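Report on one structure; see the data block that follows.
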Amino acid sequence: MTSDTTEAELEDLLRQALDTTGTGASWTTETDEMWCQVTPRSGNRRAQGWKLHVSATVTSAPTVLARALDVLLREKSAFKFARSLDQVGTLNSRATPRGNSGKFITVYPCSDTGAARLAQELHRVTAGLPGPRILSDQPYAVRSLVHYRYGSFVGRRRLSEQGLLVWFIEDPDGNPVEDKRTGQYSPPSWAVSPFPALVPAPPRPADAASGPVLLGGRFSVREAIRHTNKGGVYRGTDVHTGAPVVIKETRPHVEADASGGDVRDWLRAEARTLEKLRGTGLAPEPLALFEHGGHLFLAQEEVPGVPLRTWVAEHFRDAGGERYGADAPEQAVRLVELVAAAHAHGCVLRDFTPGNVMVRPDGELRLIDLELAALTDGTALPTRVGTPCFSAPERLVDAPVSPTADYYSLGATICFVLAGKVPNLLPEKPADRSAERRLADWLAACTGPLRLPDAVVDMVLGLMRDDPAERWDPGRARAALREAYPARDGEGQDHGPPHRAAPEHGAPSPSTPVPGTPVRQAPVRQAPFHEVRDDELRDTIAGIVDHLVDSMTPEDDRRLWPVSTMAGETDPCTVQQGAAGVLAVLTRYGELTGDPRLPDLISTAGHWIADRTDTRSVRPGLHFGGRGTAWALYDAGRAVGDRGLVEHALALALAPQHATPSHDITHGTAGSGLAALHLWSRTGDPRLAERVVDAAGRLAAAAQHGPFGVSWPVPAEAVSEETGKRYLGFAHGLAGIGCFLLGASALSGCGEHRELAVRAGEHLLSEVVLVGGEAQWPTQAGDAPTAAYWCHGTAGIGAFLIRLWQVTGDDRFGDLARRGTRAVTERASRAPVSQCHGLAGNGDFLLDVADATGEPVHRARAGQLARLILAERAHRDGHVVFPNEYGETSTGWSDGAAGILAFLLRFRHADPRHWMVQLPV
C-alpha cells in the first residue's frame, strides 16, 4: 500500500463525512506531510487547555477516524489526524519518542466542560477497537483509546535557558512554563481535571521508584535499565531463588502490522530462541514469559558484565590506544566464534551488534536481545527493523532469512571493536561508488593510528561485501585473524569455540590465539598517514559550498538552511545550528576564493538574519546567543561592503544583554566577551572594549579559588540539574573562560585577568589524566576521562593550553597540549566528522598546535583527520554531504557541513580559526 492510497483513504473519510453532514462550508482543512488539520470557521481556538488524543493501529485507524468524525463534526471542536496509514505506523513505531507516540487524532476542545463531554462520546464510539496506550496522557478509562493531557493548543515556543526552542504554556499568573511532552502523565499542579477519576490499574514496572513492584508473582523490579516506546527493560530479583534477573516488557499495538502482529510477537520469538539456546552458554537462560496489566514480559537470567559497545569505549579509555590495539583482536576472535556457534545451533541472529553482545567479567561473550533472531526450524517474523551501519542492506528490505546477513553484521561489529566505529555511509545519488568501495577507502584512511594488518582489512571487507553470496563465512574470518595475529613464539593453540557448540558446517578448525595470550602482529602495508590529495580536498570543498548555496531558502521564514533537530532546535539565527554559523564560513570562503556567487548570497543571508534579530535586547553567549550572530553579520557586511549589515551587527553587539547566570563560551559571559573582543579588534570602538572589560570583571567576581587553581561552577540560578558542576571543557567550562580572559588581559592590561587565565590553566594541569603518554581530561573534576572533543574534552582544552603557552612561555602548558594531539590522533577513527564532537574540531586543534609550535607533525596529523572526513563524504546530485552523529545531514556549524567546511578551508588555505581571536605573543 503506497502513501498516496493511504492518504486518500483517510482524507476521503473526512470528505465523505463533510458531504454527508452537509457541513463542508463550516470547516477549513489544511494538510502538511504529517497531518490533516480541520478547523471550524467560526470561533477562536484557545491557546491552551485540556486536549484529547485518540490512538489507533494501522488496521483500526479508518474505523476509529470514521466513528470519531461523527462526534467531532457535530461538536465543532478543532482537530487534526495523521494523514496516512504509513504515518499511523510511524506514530506507533518502537523508535517514536515516548512523548509523541500513538497520537493518531488530536482534539482541541472549546472548553474544559466540552473536553469531558467529547472524551465520553469518543470513548463510547471507539470502545473495543485496538490502539496503543498514549504514555504522555491519562487514559479516559481502562483500555480506552481516548486520552487527555493539559497542554498547548497553538504553536507557541520560546528559548530555554539552554538555548533550545521549547513549547510553552502559561501559568495562572501569565508566566511561561515549558509544555514538556514526556513518556509520563504529569499535568501542571494548577490545572484542575474535568474528567472522572480513573479506576487504578495494576502497578507497572515504571512505577517501581515509588515502591517495589512484583511481576508474575515472582519477579521484584529493582530499577529500570531503559524505557522505549515498545516498553521497558528492568533489573530485578527472582524472589524464589534470590538470583538477579532482567525483565523485558512489550506494550500492545506498538510496531503493529496489517495482520495485527506487534512487538509482543517479537518477545515471544525471543523466548523461543532463548529456549532453543538453553544450556549452551551462548545467551541468558529463560525463566518465564507472562502477562501483567495487559503487557507481555519475559524474565531471563541477568548476564554480569557490560555491553560490548561500553567495553570498547571504556577499555580504550582506560588502557590507551597501544594496549587496546593488543587486546582488541582477542574480542574479534570471540565474536567470530560466537556467531559460528549460534549458527551451529540453528539460530540466525539478524541483529548482531555491539549493543546486543555482553562482555562478562571473565571476558567471555553472551548474546542478548534476541527478539529478531530466526530459528532455522521455525518461521521468522517478517521485519525491516535493523540497526543502521550494522544490519546488512538486504535485511532492511526484509530479504529471506540467511546467515550471510549475520556475516555482514559480524564484519561491522569487528570493525567497531578494532576501529571504534563503523562509518555511516549515506546513500549517494547517483550511486557511482559501491558501499564496499567506500568502506575500503575509510579503512585505508584509518591505517595510520590503527596499524591494521592487511589480512584484517581484507577480512572486514570480505565479511561486509555488497553481494551476500560473496561474503566470507566465520571459518574464513578465523583463518584471516590467525594470519593477522599469529601467536608469539608458537604459544598459540587451538582452543576451539568458547561455547558448547558444534563446528560450523564446512568450516575449518584453524588455530586461533587464546584470549589473553600475547600475539605478534603481521606486517602492515602503510601509506603516509598525512597524505591528502589536493584535488580531492578542493573538489570536496567545492561540493560542500555547492550544497550550502543550493540549499539556502530565504523564502522560508523559519530556517534559512536545513539543520538536524535530533538534539533539539535552536534559534534559527545563531552560530550553533543557525544561519550565522553557515554565513560566517561562506563569508570566509568568498574572501579566500572570490567565488562570484557569494556576494549576493552573503547579503541575502545577512539581511534574512538581520530581519529576525532584535537589537533592543539579546541573549548572552557566542554560539547560542546574539553576540555570535553579531560577529558573523559584521564580518559578512564588511566583506561585501554592506553598510546596513555592519551597522545592524554593531547595534546587536552593543544591545543590552539578558541577565545570565552562565559563565561559559556557548551560553554565557565569556562567549559574549569573546565576541566583543573580536569586534573591538576590527573596529577599535571603545564601547566594545568596555564590554570586554565588563565581562572579564564579572567573571573575576564569580571565580572560586581553590588549592589547585580557579574554577567557575554552574551557579544555582542556572539550570537546576547543572547547579554546582565544574566543567573543564572549552564550550561549557574552564578552558573557554580561561581563553577569553587571556585575550581580555591583552586589551585591559589588567594583571588579574591574566592571572585568572593562568590559574585556570593550573587547574587543568591538576585534572589531566595521562594514559600511555596521552593527555585526557574528564568532563568535570572527579569523572573518568571523556571523549577528546572540542566541547568537553582534550581538543578544546588543548586549544586553550597552547595559547596559554604562547603567552606565558610555561612549557607545562605546551607539553600537555602536545600530548593532547596524540589523544585526538589515537581516537581519530572513532570520532564523528563534526566540529563540536568530532574530527573537524579536533583537526582545528591540531592546526592550532602546528601554528603555535611550527612542528610539522601536527599538520600531518591534521591531514590524517582530513582524510578520514573525506572518506565519509557522500555525493548527491553534484553536492557533498556528511552524516552527523544521528546519521542525518545538516548544514549547521556544530554538527554539519559548515563546521566541516571551516576546518577543510583552514587546512588548505592556512587561514585563522573561526570564533577565536588572535592573541599578541
Side-chain angles (χ1 to χ4, degrees), residues 320-322 445-451 526-534 537 729-730 735 739 742 761 764-765 768 770-777 787-791 793-831 833-835 837-871 899-900 902-919 921:
E322 184 175 352
C446 291
T447 56
L450 293 180
R451 297 187 56 80
Q526 192 167 323
F529 73 83
H530 60 279
E531 180 183 337
V532 182
R533 292 199 342 256
D534 187 68
L537 180 61
F730 199 99
C739 194
L742 195 62
L764 292 169
L765 290 180
V768 70
L770 298 178
V771 180
E774 304 167 13
Q776 303 176 43
W777 280 269
Y789 301 145
W790 169 84
C791 186
T794 298
I797 292 171
F800 165 53
L801 292 179
I802 198 64
R803 286 165 171 78
L804 191 58
W805 170 74
Q806 285 182 282
V807 171
T808 66
D810 190 327
D811 285 336
R812 296 176 303 160
F813 302 132
D815 177 63
L816 282 189
R818 289 180 175 89
R819 289 172 181 252
T821 66
R822 293 180 56 185
V824 300
T825 306
E826 287 287 346
R827 287 152 180 77
S829 65
R830 301 163 180 271
V833 295
S834 59
Q835 269 282 344
H837 300 149
L839 295 172
N842 289 5
D844 266 326
F845 162 56
L846 293 172
L847 292 179
D848 287 348
V849 180
D851 292 345
T853 65
E855 296 163 358
V857 65
H858 306 300
R859 178 171 172 82
R861 288 170 172 163
Q864 179 207 342
L865 270 58
R867 282 195 66 198
L868 279 166
I869 290 173
L870 265 56
I900 296 167
F903 163 63
L904 296 180
L905 276 176
R906 186 182 177 201
F907 181 77
R908 189 163 191 259
H909 294 279
D911 62 313
R913 184 172 184 172
H914 277 272
W915 315 118
M916 296 289 273
V917 295
Q918 300 299 305
L919 299 176
V921 178

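For clarity, every value in this text was computed on a predicted model and none was experimentally measured.
- Arg827 contributes atom CZ, which lies 10.5 Å from atom CZ of Arg822 (distance to the nearest 0.5 angstrom).
- Atom CG of Asp844 sits about 5.0 Å away from atom CD of Gln835, to the nearest 0.5 Å.
- A donor-acceptor pair is defined here as one N or O able to donate and one able to accept, closer than 3.5 Å; such a pair exists between the side chain of Trp777 and the backbone of Leu764.
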> How far apart are the C-alpha atoms of Gln776 and Val768, what are their side-chain angles, what is the distance that settles it, and do they pass the side chain to side chain contact (heavy atoms under 4.5 Å, CB included) test?
Replying inline: CA-CA 6 Å; Gln776 303 176 43; Val768 70; over 6 Å; no
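- A donor-acceptor distance shorter than 3.5 angstrom exists from the side chain of Asn842 to the backbone of Ala788, with no hydrogens or angles considered.
- Here the CD1 atom belonging to Ile802 is positioned 7.0 Å from the CZ atom belonging to Phe845, to the nearest 0.5 angstrom.
- Partners of Asp851 by side-chain contact (heavy atoms from CB on, under 4.5 Å), not counting sequence neighbours, listed by chain and number: Arg906.
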> Between His858 and Leu847, is a side chain to side chain contact (heavy atoms under 4.5 Å, CB included) present by the stated rule, with each step listed?
Replying inline: CA-CA 7 Å; His858 306 300; Leu847 292 179; over 6 Å; no
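- The shortest heavy-atom contact between Ala775 and Ala823 is O-CB, 3.5 Å.
- A cation-pi contact links Arg859 to Phe907, judged by a cut-off of 6.0 Å to the six-membered ring centre and 45° from its axis.
- When all heavy atoms of Gly761 and Leu801 are compared, the closest pair comes out as CA-CD2, 4.2 Å.
- Under a cutoff of 6.0 Å and an axis angle of 45°, Arg812 and Trp805 do not form a cation-pi pair.
- With rounding to the nearest 0.5 angstrom, the CG atom of Leu804 is 9.0 Å from the SG atom of Cys739.
- Residues His914 and Ala902 come closest through the heavy atom pair CD2-CB, 3.6 Å.
- For the atom pair CG of Leu905 and CD1 of Ile900, the computed distance is 12.0 Å after rounding to the nearest 0.5 Å.
- Across all their heavy atoms, Gly798 and Ala817 have their closest contact at O-CB, 4.0 Å.
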>> Evaluate Val857 against Arg861 for side chain to side chain contact (heavy atoms under 4.5 Å, CB included), listing each step before the verdict.
In response: CA-CA 6 Å; Val857 65; Arg861 288 170 172 163; 3.9 Å; yes
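- With 3.5 Å as the limit, one finds no donor-acceptor pair spanning the side chains of Arg818 and Thr853.
- Between Arg819 and Leu770 there is a side-chain heavy-atom pair separated by less than 4.5 Å.
- Minimum heavy-atom separation, Cys446 to Leu868: SG-CD2, 3.6 Å.
- Pairing each heavy atom of Gly863 with each of Val532, the nearest pair is O-CG2, 3.1 Å.
- Environment of CD in Glu322: sparse, with no more than 12 heavy atoms of neighbouring residues, nucleotides or ligands closer than 6.0 Å.
- Note: Thr821 OG1 to Leu816 CG = 11.0 Å, rounded to the nearest 0.5 Å.
- Looking at heavy atoms from C-beta onward, Gln806 lies in side-chain contact with Arg803 at the 4.5 angstrom threshold.
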>> Using the rule given for side chain to side chain contact (heavy atoms under 4.5 Å, CB included), can you reason through Leu839 versus Val824, listing the C-alpha separation, both sets of side-chain angles and the distance that settles it, and then say yes or no?
In response: CA-CA 8 Å; Leu839 295 172; Val824 300; over 6 Å; no
